[in-house]
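In listed order, ligands and their atoms are each counted from 1.
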Amino acid sequence: MNYFAYKGKELFCEDMRIADLAATYGTPLYIYSAATIKRHFSAFDTAFNGLKHLTCFSVKANSNIHIIETMGKMGGGVDIVSGGELYRSLKAGIPPEKIVYSGVGKRTNEIREALTANILMFNVESLAELERISEIAQDMGKIARVSFRINPNVDPKTHPYISTGMKKNKFGLDVTHSRIAYKRAMELPAIEPIGIDCHIGSQLTTIEPFLEALDKLLDFMDELQKMGIHISYLDLGGGLGIQYDEEEPPQPEEFGKALTEKLKHLDITVIFEPGRVIVGNTGVLVTEVLYTKQTPSKNFLIVDAAMNDLIRPALYQSFHRITPATITGRETMNVDVVGPICESSDFLARDRDLPAMKQGELLVAHSAGAYGFTMSSNYNSRTRAAEVLVEGDQAKIIRRRETYDDLIGPELV
Ligand code: LLP
C-alpha cells in the first residue's frame, strides 16, 4: 500500500499533483512520499514485535540524509557498507549503537572511522578482514565488536547479480572457515565476537530460502554455544522483495510470523537490514517526453531520464511500471521508453503498451525509491536529478538538481 494514486485524471503523491511538482522542480525528478516511508517502516518493524529486535535500514537502497533521518526518528538503526554511508548516517542523527557495518572490502580508514564512532558491530566477511580490524582496534586502544557473516549456500531464487548466499559468491564465510574465525576471534584481545550474520540476496519473493538459511545459522549457533561462545545478536540481513509487476512477495506480517515462530525461544536480539521493502515503493521517477520517433520496426518514446538516473532496467532487466502523469484516454501503442544516453542499453522499458504520448508530456516510472537515485551517475556528463519529499500537501526539496559546476568542481585542481 502506498500513497501514489490517481485522483480523477491526475497522478498524485499524497496531496500533491505530480505534474505540479514536475513544473516546480523540473525533470527528471525523484519524488518520495513521507507517509509511505513511515507506513512501510512501521509495517516491517511491528511485524517483529514478538522478538527483541532492531531494524537497521540498509542505507545503500536510499542514502539521502533526509530519508535516513526519517528512519532514525522512527527508532531505526542502519546497515552501512562504506565510510561514506557511515558519514551520512551520523549526520542524519543515527545513534552509533544502532549501526552495523557490512561488506567484503572495508578499508583501513573506514574501519578506523567506525571504531572512532563506536558502532554496534562489524559484520566480518573474511579471516583477513578480522586480522585487519584486530590490528587497527589494538592500535587505537579499542575493542571491536564483530559478528561473522555466514554464507549458508542457499539459493535465494532471484536475479544472479543480487544473489549473495551461494558458495560461488564472494560474500561471507562457509561453515568451516566460520569455525576458524570464531576461534581466532576469541584469541584476539581487541576483538569481541557478539553476533552472527547472514544476507542471502535481494528481491526474494518467497520465505523458504530465508527459513533454510536460518536453520543453518541456528545449527551453527548450537555449535558455538558448545565452544563456549555466547552470541547476543543474530543479524538476518535484508532481502525481502516488493511488487514491481506481477510478483507476489510475502507481506512483512507473514514474514514476521514465520521468523518469530523459529526465534521466540532464543534470548537474543535479532537485527534486520531491510532496504527495498521499506523504500522501493515509496518513490517514483518523473520524466518528460522529449521526442517521439517511429522507425520501420519500433516506436520510441525518447524521455529526459536515462540509465544514469535509473540503471535497474539496463543492469538487471528489471521491470518498472510506467504510467502517464495525466490520463488522456488515448489509444495505446507499443513503445520502447528510452533515454538520451549513447547506448542501446539505455532504456526504462521495452515493448510496453502505453497510451500515445506527445512531446512535453510526463511519464512516471514507479517503484523507484530503492536503488534508483543511489545507483545514479554522471555518465554522459548528465547532471543528477533532484529529489523531493512530499508530506501531505507540502513538498520539500531534499536534494537539489546538480549543476554544470558540480560536474567539473572536483576536476578544478
Ligand atoms: N544487507 C546487506 C548485507 C546487503 O548486501 C543488502 C543489499 C541489504 C542488506 C539490503 O537488501 P534489500 O532489503 O534491499 O533487498 N542494486 C540491486 C540490489 C542490490 C542489493 C545489494 N545488497 C537492485 O537494484 O535490485
Side-chain angles (χ1 to χ4, degrees), residues 37 40-41 43-45 47 54-63 67-68 71 76-82 85 89 99-106 121-125 129 147-152 156-166 169-173 195-207 209-210 213 233-245 247 249-250 252 255 270-283 285 307 309-320 348 365 367-377:
I37 296 173
H40 287 186
F41 181 91
F44 188 92
D45 196 49
L54 177 62
T55 299
C56 289
F57 172 63
S58 194
V59 167
K60 65 176 83 64
N62 190 320
S63 51
I67 306 274
I68 303 175
M71 306 297 167
V78 290
D79 156 52
I80 58 164
V81 288
S82 69
E85 288 190 350
S89 301
I99 300 181
V100 295
Y101 188 170
S102 312
V104 293
K106 303 176 187 78
M121 65 182 183
F122 293 88
N123 287 336
V124 176
E125 307 222 13
E129 184 194 331
S147 73
F148 291 98
R149 176 166 175 182
I150 315 293
N151 182 326
K157 302 195 171 61
T158 181
H159 191 282
Y161 289 5
I162 52 177
S163 297
T164 52
M166 295 165 79
N169 300 131
K170 68 178 174 181
F171 299 97
L173 294 151
I196 184 167
D197 166 48
C198 161
H199 169 80
I200 57 173
S202 197
Q203 183 57 11
L204 273 69
T205 50
T206 59
I207 293 184
F210 288 109
Y233 293 92
L234 168 60
D235 183 338
L236 292 175
L240 189 59
I242 61 168
Q243 185 173 35
Y244 285 96
D245 187 11
E247 56 279 76
F255 184 59
V270 186
I271 294 178
F272 297 99
E273 302 173 353
R276 189 189 319 262
V277 70
I278 308 283
V279 290
N281 278 321
T282 67
L285 174 62
M307 65 190 285
D309 299 299
L310 181 63
I311 202 176
R312 301 193 69 259
L315 194 55
Y316 316 110
Q317 300 75 48
S318 57
F319 178 96
H320 286 263
L348 296 181
S367 310
Y371 308 108
F373 187 87
T374 50
M375 293 183 81
S376 67
S377 76

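The shortest N/O to N/O separation between Gly275 and ligand 1 falls below 3.5 Å. At least one N/O-N/O distance between Tyr316 and ligand 1 falls below 3.5 Å.
Closest to atom 24 (O) of ligand 1, if we only count protein heavy atoms, is Arg312 NE, 2.6 Å. The nearest heavy-atom contact from the protein to atom 22 (N) of ligand 1 is Lys60 CD, 3.6 Å. When only non-hydrogen protein atoms are considered, atom 15 (O) of ligand 1 lies nearest to Ser202 OG, 2.4 Å. In terms of protein heavy atoms, atom 19 (C) of ligand 1 is closest to Ile162 CG2, 3.6 Å. Considering only non-hydrogen protein atoms, atom 14 (O) of ligand 1 sits nearest to Tyr371 OH, 2.6 Å.
In this structure, His40 and Val277 approach most closely via the heavy-atom pair ND1-O, 3.7 Å. Across Pro250 and Thr205, no two heavy atoms sit closer than the pair CD-O, 3.2 Å. Here the closest heavy-atom approach between residue Ser163 and residue Asn169 is recorded as O-ND2, 3.3 Å. Across every non-hydrogen atom of Asp197 and Glu273, the tightest pair is OD1-OE2, 4.1 Å.
The contact set between ligand 1 and Pro274, taken as ligand atoms under 4.0 Å from a residue heavy atom, comprises 13 (O). Those atoms of ligand 1 with a heavy atom of Arg276 less than 4.0 angstrom away are 12 (P), 13 (O), 14 (O), 18 (C), 23 (C), 25 (O). For ligand 1, the atoms sitting less than 4.0 Å from at least one non-hydrogen atom of Arg149 are 3 (C), numbered in the order shown with element in parentheses. The distance from ligand 1 to the heavy atoms of Asp79 drops below 4.0 Å at these ligand atoms: 1 (N), 2 (C), 9 (C). Of all atoms in ligand 1, numbered sequentially from 1 with element shown, those under 4.0 Å from a heavy atom of Glu273 are 1 (N), 2 (C), 3 (C), 8 (C), 9 (C), 10 (C), 13 (O).
Considering Cys198, Gly239, Ser102 only, the shortest heavy-atom separation from atom 13 (O) of ligand 1 involves Gly239.
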Tell me, with the steps shown, if Phe210 and Leu236 meet side-chain contact (heavy atoms from CB on, under 4.5 Å).
CA-CA 8 Å; Phe210 288 109; Leu236 292 175; over 6 Å; no
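A side-chain donor-acceptor contact under 3.5 Å links Glu247 to the backbone of Asp245.
Between Tyr161 and Tyr316, the two ring planes are perpendicular [angle over 60°; tilted spans 30° to 60°].
The side-chain tip of Lys106 does not point at the ring of Phe122 from less than 6.0 angstrom away and within 45° of straight on.
The closest side-chain donor-acceptor pair between Asn123 and Asp235 falls under 3.5 angstrom.
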